[in-house]
Amino acid sequence: MNDTVWGTKPWIGKLVMLVVLGIATLFCFWIGSHLRVYTGRELYRFLNWDIFLAWVPALLALLLDGAIALSRYWRLRLVGKIVIVLLGICWLFFYPNAAYLVTDLIHPFVHYRPSGRFAEDLEFWYHLFLFFNAGTLGLGLGTYALSSVQQHIAERYGLWRSWLFAALVLILSSIGIYIGRFIRWNSWDVFTQPHNVLNDMMTVVNDPSQLRFMLVFTGMMLIISGIGYILMRGGMYLIRRTGGYRW
């Protein structure tokens, strides 16, 4: 498989992507800090933690790149596969934290206090730009993390299976975002309290009104994250199959 990232070598393209995502992250931190000074209120410090969690799947994708490269170089078949599988599981459970930033758009409705015509209030635009940038950052981090892993899936199992994998991950991620936003479980709770997470999900499934809300919400989240992924990934990767896929 001959692939490029933004028309250049994969590692260069990924580095460019990480730099851009890093700049977007710093921009979020700056707007948040400036908004606190501008309003004299301690606003949105939680967003720093949410952004950190959104970076976790991208960092795990980098670790997967390294583990796969080392497994090939040193031919660590059994140990390498175990490490790759464990990293992959952690990556899957932390992946929803990226697009979760989109749902933080709810907070300006809680914390912004309009005075007069809000569209002419500079504070309104600080609130809006902060969370619009954060949501875009979340989609970008999710795209980076998923496209990186999808490349490895394509190399081993083929291009069409890799897209089925991506679709399944986006569906699971949308459900995970619902769990995080409304049931208030974190990614690590899947490992530490799996029984409680499952019980809460069964409560939602058995309640028709909650189930309907969950299906509509996850459906909209899936459309947003799916469109974002296709648009961003389409601009980053140019994939051509020139031979068999091997891992």
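None of these values were measured; they are calculated from a predicted model.
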[Y] side chain reached by [X] side chain, heavy atoms, under 4.5 Å:
X: W91; Y: L146; answer: yes
X: Y229; Y: S147; answer: yes
X: F124; Y: L128; answer: yes

Does [X] share a hydrophobic cluster with [Y], counting links as ILVMFWY side-chain heavy atoms below 4.5 Å and allowing steps through other members?
X: L35; Y: W30; value: yes
X: Y157; Y: L164; value: no
X: F29; Y: W55; value: yes
X: M220; Y: I171; value: no
X: W163; Y: V149; value: yes

Is it the case that the side chain of [X] and the backbone of [Y] share a donor-acceptor pair, with hydrogens and angles ignored and the cut-off at 3.5 Å?
X: N133; Y: A24; value: yes
X: D189; Y: N186; value: yes
X: S174; Y: L222; value: yes
X: D207; Y: T203; value: no
X: Y100; Y: A54; value: no
X: R41; Y: R36; value: no
X: S173; Y: L170; value: no
X: N97; Y: F94; value: yes
X: R181; Y: I177; value: no

For the [atom1] atom of [X] and the [atom2] atom of [Y], what is their distance to the nearest 0.5 Å?
X: M221; Y: I223; atom1: CE; atom2: CD1; answer: 10.5 Å
X: L211; Y: M201; atom1: CG; atom2: CE; answer: 8.5 Å
X: D104; Y: C28; atom1: CG; atom2: SG; answer: 10.0 Å
X: L159; Y: Q151; atom1: CG; atom2: CD; answer: 8.5 Å
X: H195; Y: T192; atom1: NE2; atom2: OG1; answer: 13.5 Å
X: L18; Y: L59; atom1: CG; atom2: CG; answer: 8.5 Å

Check your understanding: Does the side-chain contact (heavy atoms from CB on, under 4.5 Å) test come out yes or no for L64 and L60, once each step is laid out?
Key -> CA-CA 6 Å; L64 272 170; L60 287 172; 5.7 Å; no
For the student: nearest non-hydrogen atoms of [X] and [Y], plus distance:
X: Q150; Y: S162; result: NE2-OG, 3.2 Å
X: A67; Y: L87; result: CB-CD1, 3.9 Å
X: T218; Y: I175; result: CG2-CA, 3.9 Å
X: G32; Y: L130; result: N-CD1, 3.9 Å
X: L139; Y: A99; result: CD2-CB, 4.4 Å

**Study point:** side-chain contact (heavy atoms from CB on, under 4.5 Å) assessment of L47 paired with L101
**Key:** CA-CA 8 Å; L47 186 60; L101 287 177; 4.1 Å; yes
Point to revise | Of all pairs that satisfy side chain to side chain donor-acceptor pair (under 3.5 Å), the ones with a partner from residues 60-70, not counting sequence neighbours | key: K14-D65, D65-S148, D65-H152
Tell me whether [X] at atom [atom1] has more than 12 heavy atoms from other residues, nucleotides or ligands lying less than 6.0 Å away.
X: R161; atom1: CZ; result: no
X: F132; atom1: CZ; result: no
X: L26; atom1: CG; result: yes

Check your understanding: Charged N to carboxylate O below 4.0 Å: is that the case for D200 and R184?
Key -> no
Check your understanding: Between W49 and F52, is the gap from one ring center to the other below 6.0 Å?
Key -> yes
**Study point:** Aromatic ring proximity F217/F182, centre distance under 6.0 Å
**Key:** yes
Classify the angle between the aromatic ring planes of [X] and [Y] as parallel (below 30°), tilted (30 to 60°) or perpendicular (above 60°).
X: H34; Y: Y38; answer: tilted
X: F131; Y: Y44; answer: perpendicular
X: H107; Y: F46; answer: tilted

Review point. Please walk me through it: do I23 and V20 pass side-chain contact (heavy atoms from CB on, under 4.5 Å)?
Key: CA-CA 5 Å; I23 293 172; V20 172; 5.6 Å; no
Practice item. Evaluate the side-chain contact (heavy atoms from CB on, under 4.5 Å) criterion for residues T103 and Y178: first the C-alpha distance (whole Å), next the side-chain angles of each, then the deciding distance (0.1 Å), finally the verdict. Key: CA-CA 9 Å; T103 68; Y178 171 85; over 6 Å; no
Review point. So, T143 versus R233: side-chain donor-acceptor pair below 3.5 Å or not?
Key: no
